[in-house]
2 protein chains.
Amino acid sequence: MPTISDVARAAGVSMSTVSYVLSGRRPISAETQARVKAAIAELGYHPHAGARALASSRTSVLALVVPLRVDVSVPVIMQFVTAVVTAARTYNHDVLLLTKDEGTAGLERVAGATMVDALIVMDVERDDVRIPALGRLKQPSVLIGLPDDAAGIACVDLDFAATAAECLRHLAGHGHRRIALVGPSPAVYERGTTYASRFLTGFTDAAAELGLDTVAHPCGPGAAGVRECLAEIDAELPEVSALVVHNEEALVPLLEELRASGRRVPEDLSIVAVCPRDVAVGLPVRLTSADIPAHDVGTLAVETAMNLLDGRRTPGTRLLAPTIVERDSCSSRD
Amino acid sequence: MPTISDVARAAGVSMSTVSYVLSGRRPISAETQARVKAAIAELGYHPHAGARALASSRTSVLALVVPLRVDVSVPVIMQFVTAVVTAARTYNHDVLLLTKDEGTAGLERVAGATMVDALIVMDVERDDVRIPALGRLKQPSVLIGLPDDAAGIACVDLDFAATAAECLRHLAGHGHRRIALVGPSPAVYERGTTYASRFLTGFTDAAAELGLDTVAHPCGPGAAGVRECLAEIDAELPEVSALVVHNEEALVPLLEELRASGRRVPEDLSIVAVCPRDVAVGLPVRLTSADIPAHDVGTLAVETAMNLLDGRRTPGTRLLAPTIVERDSCSSRD
DNA sequence: AGCGGTCGTCGAAGCGCTTCGACGATGGGG
DNA sequence: CCCCATCGTCGAAGCGCTTCGACGACCGCT
């Protein structure tokens with residue numbers, strides 16, 4: 001492995017000159033640059049990450065904390081992950097993958113050891129113990145999600161309250177007045193994952209504002225969860241004409257259950273789903289959906305982290321506006 | 001951030017003593033150890049990863065290369081990833097996440113910069129360009145998968161040929177003689193992902209050996225792919241009584257399509273699927289399946305990497321034996 | 001002609017850790 | 001009783017890089 005001084009010797013310059021060519025932090029003449037770059041290419045030189053980190057106290061690595069045990073759909077998580085990794089690479093950063101189950105210790109380990117420049121944390125809860133821990137680190141962090149007390153922390157997420165309102169507005173625009181929310185699994189609410197409650201609040205508020213008759217129910221896993229949820233909805237809101245489904249896992253069994261019980265979508269029941277586009281179009285009925293912009297959120301999280309690293313002040317919380325895409329699961333009533 | 005010399009001063013010993021307490025590479029008296037550990041705890045000392053890497057040329061980081069664009073099911077990939085991350089932590093290592101689309105450059109970057117101690121590479125293809133590149137690195141690597149020429153490289157995977165044979169044996173044991181393989185998407189074959197061809201070869205060989213009538217077809221994405229695949233199977237092998245499905249993505253639309261066309265599982269058609277357990281039990285019909293042991297494979301990959309790092313010789317290729325779990329999708333004929 | 005200011009480059013001082021050789025202090029064997 | 005191991009600890013030399021201060025050379029002014 002050649003070192004920077006091998007390169008310097010080969011190019012007939014000093015180590016510092018090589019370093020400045022690489023970092024661009026001081027002006028170097030075109031000819032010198034060319035000679036240095038040639039030497040680098042010829043020797044196949046790669047700067048040693050550890051040495052660089054030691055001397056500069058920057059690592060070019062981002063930590064990404066992902067949930068391991070999940071009630072939220074795996075493909076969605078993976079979309080966030082790939083968005084973050086891809087975006088990080090555009091800033092010449094790599095991504096160190098931590099799992100949520102390491103809790104606070106994992107954060108402290110990688111931050112304390114100066115393994116990363118910044119942290120991006122997914123799946124934050126209402127009153128997440130990791131938040132105070134993050135505050136104590138010397139590295140900046142960005143949350144994907146929105147805890148109760150987001151003071152002083154950068155947060156990025158979809159605006160779930162607005163999304164719920166938009167779903168209702170869309171259905172109301174098609175003449176629906178009796179609408180039910182099929183929510184995430186009860187476990188998600190209990191854990192205090194705030195996107196669930198933000199969506200629910202948005203749903204309830206918009207329903208009141210629009211003068212709609214609504215009920216909301218969490219929906220447990222599997223066909224059994226779906227059946228139970230539907231039964232409760234039917235009992236509490238007879239002649240419901242539309243469903244807002246904020247639960248990806250429930251989508252397949254839900255459509256199956258409706259089909260089995262002879263209710264056609266959208267003729268008998270309209271559906272607006274909250275899910276990534278590819279899920280919406282991959283089902284037997286192409287669902288009208290509010291997109292979960294995992295890619296945008298992940299990218300924005302990385303950008304925010306980079307701004308923080310550059311000492312730029314950033315808005316504390318960034319909530320992305322919802323987008324509804326009309327497909328085949330929504331009919332009009334009048 | 002306290003450094004090792006702060007700790008040394010606080011404990012009244014030299015830096016090297018602190019270092020030896022931490023690494024255990026030289027004997028240190030119990031009293032001294034206690035004093036040092038107390039100082040470490042009190043100061044909240046964390047060794048600086050970069051400095052450590054520079055001095056010792058070991059990073060305690062593993063690179064994991066995952067496929068980004070996938071025809072293989074995302075949850076399965078995620079299972080490998082979590083297995084690798086979890087196993088790595090038991091060896092006090094962290095995981096740097098690379099995506100396959102960076103190709104050879106990504107490997108060379110992290111290896112050249114000494115960011116990682118070893119590499120674990122998923123989704124290797126028949127004649128993967130990354131294999132020669134891996135050979136050139138100074139770090140060892142472990143493949144999850146099996147290329148054509150696995151000489152000199154550590155590989156870990158499920159024994160797909162044996163798995164196929166086992167599936168056929170299971171069905172033959174239930175009296176089935178006319179059996180079709182629903183394979184991965186054509187794209188998977190074209191890309192040269194060898195698990196597909198290994199499975200196919202195992203299927204064909206075992207069919208001959210058992211004297212079965214079989215056909216094999218790849219199965220494109222979505223409901224359309226399934227329909228086409230089934231049509232071809234029915235045309236080429238009338239009165240087929242069982243399906244071996246080696247394609248997770250096809251499972252949902254396949255069951256849907258069978259239901260829609262009035263074929264009951266398992267009364268009219270038996271199915272053995274190749275997929276992780278949770279997928280097999282999460283469908284309308286609980287499928288008899290050959291397990292994809294993502295967790296075991298991931299763990300074994302990490303163990304292999306650690307052995308390699310310790311200079312231990314390891315068997316070049318480790319293929320895990322299949323396990324078939326009987327559920328509700330297989331009926332007997334006689 | 002003399003002065004200040006860029007520009008391009010160099011030298012050297014660390015960054016925080018590991019590890020090698022050395023060295024007193026014990027202890028056991030001949 | 002002496003010698004040689006062994007044990008526990010220390011000092012110092014790097015590991016490969018960044019960065020700060022310095023310093024000629026050269027420019028355009030006055």
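Because the structure is predicted, anything quoted here is derived from the model rather than measured. In what follows, chains carry the letters A, B, and so on, assigned in the order in which the sequence lines appear, proteins first and then strands, with residues in each chain numbered from 1.
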With a 3.5 Å cut-off and just heavy-atom distances, do the side chain of B:S29 and the base of D:dG8 make a donor-acceptor pair?
no

Of all heavy-atom pairs linking B:T194 and B:E125, the shortest is CG2-C, 4.4 Å

What do the steps show when you test A:S19 against A:S16 for side chain to side chain donor-acceptor pair (under 3.5 Å), and what is the final call?
CA-CA 5 Å; A:S19 179; A:S16 43; over 6 Å; no

Rounded to whole Å, the CG-C1' distance (A:D6 to D:dC17) equals 13 Å

Can you identify which nucleotide, out of D:dG8, C:dC15, C:dT18, has its nearest atom closest to the B:T32 side chain?
D:dG8

Once you round it to whole Å, what is the distance between C1' of D:dG16 and CZ of A:R9?
13 Å

Just the rounded figure in Å: distance from P of D:dT18 to NE2 of A:H48.
12 Å

Between C:dC15 (P) and B:H46 (NE2): distance, integer Å:
20 Å

Classify the side chain of A:S14 versus the base of C:dG11 as yes if they form a donor-acceptor pair under 3.5 Å and no if they do not.
no

Taking only the side-chain heavy atoms of A:T3 (C-beta and beyond), determine which of D:dT19, D:dC17, C:dT9 contains the nearest atom.
D:dC17

Report the distance from atom CG of A:L22 to atom P of D:dC17, rounded to the nearest whole Å.
9 Å

Whole angstrom is fine here: how far is it from CD1 in B:I4 over to P in D:dC10?
12 Å

Closest-nucleotide 5' rank along DNA chain C - winner of B:L54 and B:R58
B:L54

Integer-rounded Å distance: D:dT9 C1' and B:E31 CD:
13 Å

Across the strands shown, which category fits B:R25 at heavy-atom distances under 4.0 angstrom: base, sugar-phosphate, nothing?
sugar-phosphate

If you assign each of B:Q33 and A:S16 to its closest nucleotide in DNA chain D, which residue comes earlier from the 5' end?
B:Q33

When you measure only distances, ignoring hydrogens and angles, does the side chain of A:Y20 come within 3.5 Å of the base of D:dC20 through a donor and an acceptor?
yes

Donor-acceptor pair, side chain of B:R35 and main chain of B:A11, under 3.5 angstrom:
yes

Give, for atom CD1 of A:I292 and atom CD of A:Q79, the distance between the pair rounded to the nearest 0.5 Å.
8.5 Å

For A:P47, answer base if it contacts any base atom (sugar-phosphate contacts may also be present), sugar-phosphate if it contacts only those atoms, and nothing otherwise; contact means non-hydrogen atoms under 4.0 Å.
sugar-phosphate

Which heavy atom of B:C155 sits nearest a heavy atom of B:G145, and at what distance?
CB-O, 3.5 Å

D:dG16 base to B:R52 side chain: any donor-acceptor pair below 3.5 Å?
no

Shortest non-hydrogen contact from A:V156 to A:A301?
CG2-CA, 4.1 Å

From CZ of A:R26 over to P of D:dC20, roughly how many Å is that when rounded to an integer?
7 Å

Remember a base hit wins even if backbone is also touched, and classify B:S19 as base, sugar-phosphate or nothing at under 4.0 Å, heavy atoms.
base

Below 3.5 Å, does any donor atom in the side chain of A:R35 face an acceptor in the base of C:dG8, or the other way round?
no

Ranking A:M1 and B:G12 by the position along DNA chain D of their nearest nucleotide, the one closer to 5' is B:G12

